[in-house]
Structures are given as structure tokens and as C-alpha cells.
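Have a look at the structure below before the remarks.
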Protein chains: 2
Amino acid sequence: MTEQTGVSAQYIVERVWLSIAERRLRPGVQLKEGQLAAIFDVSRARVRQALSALERDGLVTIIPNRGAFVCQPSVEEAHDVFFVRRAVERCIVDRLCKSISKANVTRLRTHISKERTANAQNVTTDIIKLSGGFHLLLAEVAGSDFLFATMRDLISRSSLITAVYRNTNRFNCGPDEHADIVEAIARGDPETATKLMEHHLEHVETELDLSEIRDQPHDLKSALA
Amino acid sequence: MTEQTGVSAQYIVERVWLSIAERRLRPGVQLKEGQLAAIFDVSRARVRQALSALERDGLVTIIPNRGAFVCQPSVEEAHDVFFVRRAVERCIVDRLCKSISKANVTRLRTHISKERTANAQNVTTDIIKLSGGFHLLLAEVAGSDFLFATMRDLISRSSLITAVYRNTNRFNCGPDEHADIVEAIARGDPETATKLMEHHLEHVETELDLSEIRDQPHDLKSALA
DNA sequence: GTCTGCATAATTGTAGACAATCACTACTAT
DNA sequence: ATAGTAGTGATTGTCTACAATTATGCAGAC
């Protein structure tokens, strides 16, 4: 080996994902292979793997012979992502009400306490990761790897949509509504739980400003810092 | 360029996909890069792209430093795929009942007539493609690219599950049940339409033999012929 | 006879070099 | 002045060679 490889493709994916979620990378920005390879000190081949994975997650669009660009999800797509989320997560919650172990209820409650801590301390990175992580955790305790992977995909796209369209600085996917859902699940109340989940997702969606798109490309290096 | 490239990565993906759906490639079979490169007369790099795409679609599993293998979806995963399909497709049908254009109704009816033709002539390849294609078409007329991509993923996994677990030689996702759903949509009857779709998916799922797994690796070249 | 260790063969992973394509600029002709 | 065009630089796409890892077969000891 001529030189020690810098980082894994997965690391690059997470780093870019976070930069997009935190709005340091704006939609439309081109992610040039050579640039990323230099920043992370890896070969272009590995950057290509990472970009391919990011495309799969719906965070970047790869145009042949042009390059990879941070996605600009349309308003229609944004609505459809939440459409699918409502459909799937309502069923997940319903299933959990009928069969959830005490250990898993504890896991959910523990997660929410972490969310509260992050919100209290106002650590943006943690807030973003944990608020999405709650929905992921629901999928994890509800079913197989497939359900988890499906939700992972949906959450990833939701993050991008939130980054593009949210108009406040606060993240609206807060721990309070999550807590209510968990308690409804804990006492096995599917009607309330599914209704709460639907309201929660509608709430998140309606707080977005789905009318304008703002995009001004800026410096890549500083955004990934 | 030293030599004319043989085929695109997409072509390899479709070819392998069909081989899996037609049960010529059984779960557990290793798809060696060199072997595929020789069969399709392309470089290993392109084979790698195809295998990566197949992994994304849930048809093969890539184990680092080991290789790519045709997936053996677990019974639990099989149930969860249909769980998500029920959740999503019910909502799609519901949405279509409330807003579908006459042109799209015609497209659906045309598709069903194609299905009937394929069934009458008993062309296995067409039957497989068209029966999945119906559900894809529903997603296409219902929403954005995202909805279509989501259903594409689900159909792809369903094909693998059907290939692994179906115990009859006939494909149970037949045109008759599809036709009933379309007619319910055409007259704007969400109650009937959603119920028919749920029954249809339950029907497909219950006809599978979700108790045993059969897998005996065999020759790769002949399976792709 | 079975298990262990080693050498060999086969397969996957990675990087770098080269080819093809695209964007941009400057120049020319109308 | 403007539209079209050739040239140049930059970026992506692909292939091939090499490194690392894993599987396989064989010899030897218990």
C-alpha cells in the first residue's frame, strides 16, 4: 500500500449528510469528486462510493458526465415523503401497541430523555440525530431489518426536506410529542397512538414553508469543516 | 478505449433480476465478479456497479471481502415487506380514488389488458414484469418520482420473496384482482378500492409458503442463459 | 481417522492512469 | 453588437494492474 487510507466511505456519507442537515451545504451545490477526495484524503474511487450511497439515500443527484449535486427536493416530493411516512409510521405505531416488550418501552423512554437533554443544552448536531433517531428506533423495535432500512431512507429524505424548507431555527420534531406517542404505546392504546403519530407528522409537515426554494451555492470546504 | 464495452450496468441488473425472479438463480448463490464480467463481456468495475445496485434493491447481499450472494430473505422480512406494501398501497389507492384523470384510468385499463394477454399466452417473463408493473403504474399515476421509486423498491423485494417462497407454478398476482381495483378507483369508491387492495396483498402473501426455505446453489452460466 | 498448520490459488478491494465529455473563453464572421 | 465556433481547462467515466483478504488443498502429527 502506497499510503494509509484516510477514512471509510461511510464516514464521508455521514459527514456530508450532517452538513446538509445543518444547512451548511445548500441544495444545488456540486460535490466535486476531486475536491472531496482532497478534503478527506482518500482516492476518488472511495468518494464515488460515498456519492453513490448518498444518491441512494436521496440526498444528492448524480447527473451523468456532469457530477453530483445536493438535491433540491420539489414541493411535490416533500409532500409525498410525508405521505409515505404517515402511511408507514401509523402502521408501525399500531403494531407496537399490540406487541411491545417492557424492555423496548424502556429503550424508547431512554431515547426521549436523551432528546430532552440535547434540547436543553441546545446541541444542534445531537438534536438532529436524535429527533430522527426516535422514528428509527420505533422501526427497529417494531420489525425486521427491512422496516428499519425503509425508515432510514424516509428519515434521510425528511432531513433534507427539513433542511431546505424549514423557516424557523428550532427543530419542530421535538421530544414532547414523541413522549406522548410512547406513553400511548406503553398503555396499548392504538387509537390514540396512531392519531398522535399522524398529528405529529402533519405538524412537522405544516411547519415547513413549502412555497419557496432558497439556494445559493457557497464554499464547500468551510461547510464540511 | 482498448475495447468496445459490452453492455450497461443497468442491463446486467435487469438480467440478474429476471434470473432471480424466474428462479434460475437460487438464494445463496455467489455472484462472482470475474464470472459475471466474462459472461457479459465487461470489466469487473462495471459488474461491481451492477452488484451495488442489486444490493440497494435488496436482491443480493454483499459481504466485505467475501463477495455478493443472492439474498435469502427471512420469513420475518417477507412479512414486513408486505406490511409496508399494505400500508403504502392502501393510501395510494385511496388517493387515486379522490383524484385520478380519465387518461390515467385508460392507462391502467390498457395495462390490465396486456396482463391478460401475457397470462393467456403464458409468457412467464412478461407475466412477472407486468404483474409487478401494475403496482408500479399505480404509484406512477398517484404521485411524484419518490412514490414511484419507493414502490419500485418494494416490488423488487416482493419479486425475490415470491421467487423464494411461492409453492405453485402459477403467479398469483393475477389481472382479475387488479381489474377490480381499477374499476373501484374509476368510480371513485375509496372504501371498496382500499379493501380490495388489502385483500389482494393479503391474498398474495398467504399463498406463499412461509415455513421452509429451499436453496441449492447450481450453475451460474446456464441460469443466465 | 481427524484435526492443525502452511502453502497455494482464487477472489475481492483499491488506487492510479488514461479516455471521454462538458463548461468556459476568446475569437471571427456576419 | 451578436451569434456561432474552435480551443482550452476542468471534471467525470472507465479500465487495468497491483495489494489484501479469503478459501482450498495437502502434508504431518496426534
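So you know, we letter chains A, B, ... as the sequences are listed, proteins then strands, and number each from 1. FYI, side chains are in, hydrogens and waters are out, and symmetry mates aren't considered; it's all heavy atoms of this structure.
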Produce the list of close N/O pairs, under 3.5 Å, pairing protein atoms with atoms of nucleotides 7-13 of chain C; give distances to one decimal.
residue	atom	partner	partner atom	Å
C/dT11	OP1	B/Lys32	NZ	3.3
C/dT12	OP1	B/Glu33	N	3.4
C/dT12	OP2	B/Glu33	N	3.2
C/dG13	OP1	B/Asn65	N	3.2
C/dG13	OP2	B/Arg48	NH1	2.6
C/dG13	OP2	B/Arg48	NH2	3.2
C/dG13	N7	B/Arg44	NH2	3.0
C/dG13	O6	B/Arg44	NH1	3.4

- prompt: Just by distance, with hydrogens left out, do B/Thr125 and B/Glu22 show a side-chain donor and acceptor under 3.5 Å apart?
  reply: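 Checked: B/Thr125/B/Glu22 side chains pair up, N/O donor to acceptor below 3.5 Å.
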
field: Residues in side chain to side chain donor-acceptor pair (under 3.5 Å) contact with A/Glu202, at least two apart in sequence or another chain
entry: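 For A/Glu202, no residue satisfies side chain to side chain donor-acceptor pair (under 3.5 Å) once neighbours in sequence are set aside.
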
query: Are A/Leu160 and A/Trp17 close enough, and set up right, to give a side-chain contact (heavy atoms from CB on, under 4.5 Å), and what steps lead you there?
result: CA-CA 9 Å; A/Leu160 174 62; A/Trp17 184 88; over 6 Å; no

query: B/His135 vs B/His178 aromatic rings, parallel, tilted or perpendicular, using cut-offs 30° and 60°?
result: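 B/His135 vs B/His178 ring planes: perpendicular.
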
field: Residues which pass ring pair (Phe, Tyr, Trp, His ring centres under 6.0 Å) with A/Phe83, listed by chain and number, not counting sequence neighbours
entry: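 Per chain and number, A/Phe83 pairs via ring pair (Phe, Tyr, Trp, His ring centres under 6.0 Å) with no residue.
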
field: Between C/dC22 (C1') and A/Phe69 (CZ): distance, integer Å
entry: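 Going from CZ in A/Phe69 over to C1' in C/dC22 covers 11 Å.
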
